[in-house]
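Here the structure is laid out as structure tokens; the discussion comes afterwards.
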Amino acid sequence: EGRLPILSNDLSCGGISFFCARTLAEGEIVQIAVPITAQPLLLNIKVLRQRPQGNDPLFAAAFEELVHEEEKMIREAVFSLQLSGTTGI
């Protein structure tokens with residue numbers, strides 16, 4: 001419950017990996033704000049796994065219930081990041 005900052009590690013068309021101080025359970029559905037457009041996209045993600053990594057664990061998550069426009073914006077952002085040589089957001 002509540003809002004917590006996350007630090008993205010990698011973004012793909014199917015999901016995101018990120019660091020978060022809070023422990024998230026495998027299978028948990030949470031909402032994140034992804035700043036890839038003028039107004040950040042609020043997207044639902046499903047936590048797939050957690051890997052311990054320093055103080056904040058690294059989580060892998062898949063996007064859930066994307067509408068076509070959200071999927072399109074994510075795909076454009078991923079390709080833009082790849083062209084710029086950046087993986088995180």
Side-chain angles (χ1 to χ4, degrees):
E1 292 194 19
R3 296 179 185 203
L4 289 172
I6 66 169
L7 176 62
S8 67
N9 180 63
D10 192 27
L11 175 69
S12 72
C13 293
I16 188 169
S17 66
F18 60 94
F19 297 97
C20 180
R22 181 178 158 224
T23 300
L24 301 171
E26 198 172 298
E28 185 174 355
I29 306 289
V30 295
Q31 189 175 68
I32 62 170
V34 182
I36 57 173
T37 56
Q39 292 293 323
L41 287 176
L42 294 177
L43 302 171
N44 291 328
I45 58 172
K46 181 178 184 177
V47 176
L48 302 175
R49 63 188 160 277
Q50 171 186 342
R51 185 175 74 196
Q53 183 103 7
N55 292 336
D56 296 337
L58 177 66
F59 293 93
F63 296 122
E64 287 281 304
E65 303 175 9
L66 292 178
V67 297
H68 178 71
E69 192 63 26
E70 291 170 332
E71 187 177 345
K72 180 182 171 189
M73 286 187 265
I74 292 168
R75 189 173 39 253
E76 289 173 1
V78 168
F79 293 146
S80 175
L81 290 169
Q82 287 175 342
L83 290 174
S84 71
T86 308
T87 57
I89 53 173

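Note that the structure is a prediction, hence the values are computed from the model and not measured.
The two residues Ala25 and Val47 make their nearest non-hydrogen contact at O-CB, 3.5 Å. Among all heavy-atom pairs drawn from Cys20 and Leu4, the shortest one is SG-CD1, 4.3 Å. Shortest non-hydrogen contact noted between Arg49 and Glu26 is CA-OE1, 4.3 Å. In terms of heavy atoms, Glu65 sits closest to Glu70 at O-OE1, 4.1 Å. Nearest heavy atom pair, residue Leu42 against residue Ala33, reads CD2-CB, 3.7 Å.
Taking CZ of Arg75 as the start and CG of Leu66 as the end, the distance is 10.0 Å to the nearest 0.5 Å. Of the inter-residue distances, the one linking Glu69 atom CD with Ile74 atom CD1 reads 11.0 Å to the nearest 0.5 angstrom. One distance of note links OG of Ser17 with CG of Asp10; it measures 4.5 Å at 0.5 Å rounding. Separating the CE atom in Met73 from the CG atom in Leu43 is a distance of 8.5 Å, to the nearest 0.5 Å.
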**Request:** Determine, step by step, whether Phe63 and Ile45 satisfy the side chain to side chain contact (heavy atoms under 4.5 Å, CB included) criterion, reporting the C-alpha distance in whole Å, the side-chain angles of both residues, the deciding distance to 0.1 Å, and the verdict.
**Result:** CA-CA 4 Å; Phe63 296 122; Ile45 58 172; 3.7 Å; yes
**Derivation of the side chain to side chain contact (heavy atoms under 4.5 Å, CB included) call for Leu7 and Asp56** = CA-CA 10 Å; Leu7 176 62; Asp56 296 337; over 6 Å; no
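In Glu76, the CD atom is crowded: over 12 heavy atoms of neighbouring residues, nucleotides or ligands sit closer than 6.0 Å. Atom CD of Gln31 is surrounded by more than 12 heavy atoms from other residues, nucleotides or ligands within 6.0 Å.
Looking only at side-chain heavy atoms (C-beta outward), Leu11 and Ile36 come within less than 4.5 Å of each other. The shortest side-chain heavy-atom distance between Gln50 and Thr23 falls under the 4.5 Å cut-off.
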